[in-house]
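Heads up: the structure comes next, in structure tokens.
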Amino acid sequence: MKTNHLSPLTLDEIVSLLEYDRTRAEHELFPLARKVKEESVGNTVYFRGLIEFSNYCHKNCLYCGLRRENRRVARYDIPDEEILAMARFAREHNYASIVMQSGERSDAHFVERVEKLLAAIIKESAGELRITLSCGEQSAEVYERWYAAGATRYLLRIESSKRELYHQIHPQDENHSFEKRVECLKLLKRLGYQTGTGVMIGLPGQNTLDLASDLCFFRDLDIHMVGMGPFIEHQETPLAGSHPQMLPLQERLFLALKMVAVLRIMMKDINIAAATALQAIDPTGREQALAVGANVIMPNITPKKYREDYKLYENKPCTDEDPWQCQGCLERRIASVGNTIGYGEFGDSKHYKEQISKKNDKKQKI
Ligand code: 5AD
Ligand code: SF4
Ligand code: FES
């Protein structure tokens, strides 16, 4: 493997890295990714306290346990007071960042509620918390309102950057348009959000060329943050058991780790999350991702009583735990790979900060 890439990796090179066997990955790819991480973003892991504040969703993604047509989920909206208490928990424990995630909805009531919650959290936390939203596709106006109310980061996974595959895992209707999703990502960037995206790995019919193209998609979009994890079947969804030749779970985990490692080499200074789904396959899945390039973790700070009803996929970890238990557990896991937690630090994407300062330099020159 070339160790000194002065020119960007080509699609073919990426495919070949993703096809490395365990020995080559462990001896060549993973150590290089670890070194790149150390040199570019260091061994600090940033916490984003995850608040799964509502599981209502008007979408019907074929892979997700929260899809509209899954009637076996008890739907909930966490009351405002409890959400504010979670944000307080994050602040008091020095997490410095939270992620507010929900199913997708765009009714006026929801939009306004999120806006008010943002304003309330900003007011109460006196600038000590950065807020990321993960509430799906919205209009430019809504994204602008939420930005004005205090959200500065947004996560919207592309799920797969290959149009055909995207359509295979979503219903064929205008509520699930690939083009709209790409547009939303570009819009979020234009509006000034620190923007994150990601894909699922090991989807039915997905090959290494598709995954390599996903990594190139992140690079072409010049994205600031990425969260990607293995696809895991959920029994109450159409994608469960739909494909005879699915990769075994352990292979999906291995492929996900190679994706993280290659991405770290390709985009040295972005933030990469160690996705929770990794831990659904192996108890040490998330720390393995930290060891090969990831630098962000999202401890779940949703109270235990709601967690069972936010099952995007089977075997989701931490459904029997409360926020403080996850914190202690993650502290041990992170220490086990020699990383430290950036308590009290916002941990903005370095890539984002550099883009902003380049833009400002240009403006000054004009
Ligand atoms: N397996 C893995 N990840 C999933 N997600 C939803 N369903 C699944 C699944 N079955 C992920 C999607 C979504 C994020 C919130 O959860 O990538 O963007
Ligand atoms: Fe809704 Fe998101 Fe699940 Fe799709 S992936 S059904 S938008 S919660
Ligand atoms: Fe939740 Fe380990 S991270 S229990």
Side-chain angles (χ1 to χ4, degrees), residues 11 14-15 17-20 57 59-70 103-104 134 136-137 155-173 175-182 184-185 196-219 221 223 226-263 272-282 285-286 288-289 294 311-316:
L11 189 63
I14 299 170
V15 171
L17 291 171
L18 294 178
E19 288 178 355
Y20 271 13
C57 186
K59 283 211 164 158
N60 227 352
C61 307
L62 303 182
Y63 43 86
C64 173
L66 299 191
R67 64 197 304 270
R68 188 180 68 220
E69 278 176 21
N70 183 8
E104 190 176 301
S134 175
E137 294 166 23
L155 302 177
L156 182 67
R157 286 189 178 180
I158 187 72
E159 314 297 358
S160 167
S161 67
K162 187 184 183 190
R163 189 185 279 99
E164 296 96 294
L165 186 51
Y166 187 91
H167 287 304
Q168 277 162 22
I169 60 169
H170 294 97
Q172 312 268 340
D173 61 30
N175 200 19
H176 298 82
S177 147
F178 176 77
E179 283 70 25
K180 166 110 196 274
R181 186 155 293 218
V182 176
C184 281
L185 283 168
T197 190
V199 293
M200 284 178 286
I201 298 155
L203 286 163
Q206 188 183 43
N207 59 34
T208 41
L209 178 61
D210 301 333
L211 290 167
S213 309
D214 290 337
L215 297 178
C216 292
F217 174 87
F218 304 151
R219 183 171 64 191
L221 204 65
I223 208 76
V226 171
M228 51 188 175
F231 162 65
I232 299 169
E233 291 88 338
H234 187 296
Q235 286 319 309
E236 302 297 330
T237 64
L239 273 201
S242 66
H243 206 271
Q245 281 157 346
M246 289 292 297
L247 273 185
L249 285 174
Q250 288 301 331
E251 289 301 314
R252 287 181 228 174
L253 170 66
F254 179 45
L255 200 47
L257 293 172
K258 286 188 282 188
M259 285 284 281
V260 168
V262 177
L263 181 63
I272 304 179
T276 312
L278 295 161
Q279 198 178 316
I281 298 182
D282 186 314
R286 284 201 271 184
Q288 288 185 50
K311 276 206 173 160
L312 306 156
Y313 46 83
E314 299 291 326
N315 224 356
K316 189 166 173 251

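Values below: all heavy atoms of this structure, side chains included; hydrogens, waters and symmetry mates excluded.
Contacts of K59 classified as salt bridge (Lys or Arg N to Asp or Glu O under 4.0 Å), with partners at least two apart in sequence or in another chain: E104, E137. Judged as a side chain to side chain donor-acceptor pair (under 3.5 Å), and not counting sequence neighbours, S213 has no contacts. Residues forming a side-chain contact (heavy atoms from CB on, under 4.5 Å) with A256 (at least two apart in sequence, or on another chain): I201, P230, L278. With sequence neighbours left out, the side chain to side chain donor-acceptor pair (under 3.5 Å) criterion links Q206 to no other residue. The side-chain contact (heavy atoms from CB on, under 4.5 Å) test applied to E19 returns V15, T208, not counting sequence neighbours. With sequence neighbours left out, the side chain to side chain donor-acceptor pair (under 3.5 Å) criterion links E179 to R163. With sequence neighbours excluded, no residue satisfies salt bridge (Lys or Arg N to Asp or Glu O under 4.0 Å) with E314. A search for side chain to side chain donor-acceptor pair (under 3.5 Å) contacts involving R67 returns N60, not counting sequence neighbours. Residues forming a ring-ring contact (aromatic ring centres under 6.0 Å, His included) with Y313 (at least two apart in sequence, or on another chain): none. With sequence neighbours excluded, the residues satisfying ring-ring contact (aromatic ring centres under 6.0 Å, His included) with F178 are Y166.
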Report task. Mind running side chain to side chain contact (heavy atoms under 4.5 Å, CB included) on L17 and K258 for me, showing each step along the way? Result -> CA-CA 8 Å; L17 291 171; K258 286 188 282 188; over 6 Å; no

Report task. Quick one: do M228 and D214 satisfy side chain to side chain contact (heavy atoms under 4.5 Å, CB included)? Show the steps, please. Result -> CA-CA 10 Å; M228 51 188 175; D214 290 337; over 6 Å; no

Query raised in the report: Do V226 and M259 pass the side chain to side chain contact (heavy atoms under 4.5 Å, CB included) test, and can you show the C-alpha distance, the side-chain angles, and the key distance before you say yes or no?
Result: CA-CA 11 Å; V226 171; M259 285 284 281; over 6 Å; no

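Formation of a donor-acceptor pair under 3.5 Å by the R219 side chain with backbone atoms of L263 is not found in this model.
Of the inter-residue distances, the one linking K162 atom NZ with L209 atom CG reads 7.5 Å to the nearest 0.5 angstrom. Between I14 atom CD1 and L18 atom CG the span is 7.5 Å, to the nearest 0.5 Å. One finds the NZ atom of K316 at 9.0 Å from the NZ atom of K311 (value rounded to the nearest 0.5 Å). In this structure, the separation between CG on N175 and NE2 on H170 is 10.0 Å, given to the nearest 0.5 Å. Here T197 contributes atom OG1 and L185 contributes atom CG; the two are 4.5 Å apart, rounded to the nearest 0.5 Å. Distance check, rounded to the nearest 0.5 Å: OH of Y63 to CG of L239 gives 9.0 Å.
Minimum heavy-atom separation, L203 to I169: CD1-CD1, 4.0 Å. When all heavy atoms of A273 and G227 are compared, the pair lying nearest together is CB-CA, 4.1 Å. In terms of heavy atoms, S161 sits closest to V199 at N-CG1, 4.5 Å. When all heavy atoms are compared, the tightest approach of I232 to A280 is CD1-CB, 3.4 Å.
Counting only heavy atoms from C-beta outward, the side chains of L215 and L211 never approach each other to under 4.5 Å. Between M200 and S160 the shortest side-chain heavy-atom distance does not fall below 4.5 Å. A heavy-atom distance below 4.5 Å is not found between the side chains of F231 and L247. Residues L62 and P171 meet the side-chain proximity criterion, which asks for heavy atoms closer than 4.5 Å.
Among residue pairs with one or both ends in residues 229-241, those qualifying as side-chain hydrogen bond (donor to acceptor under 3.5 Å, both in side chains) are R72-E236, E233-R252; sequence neighbours excluded.
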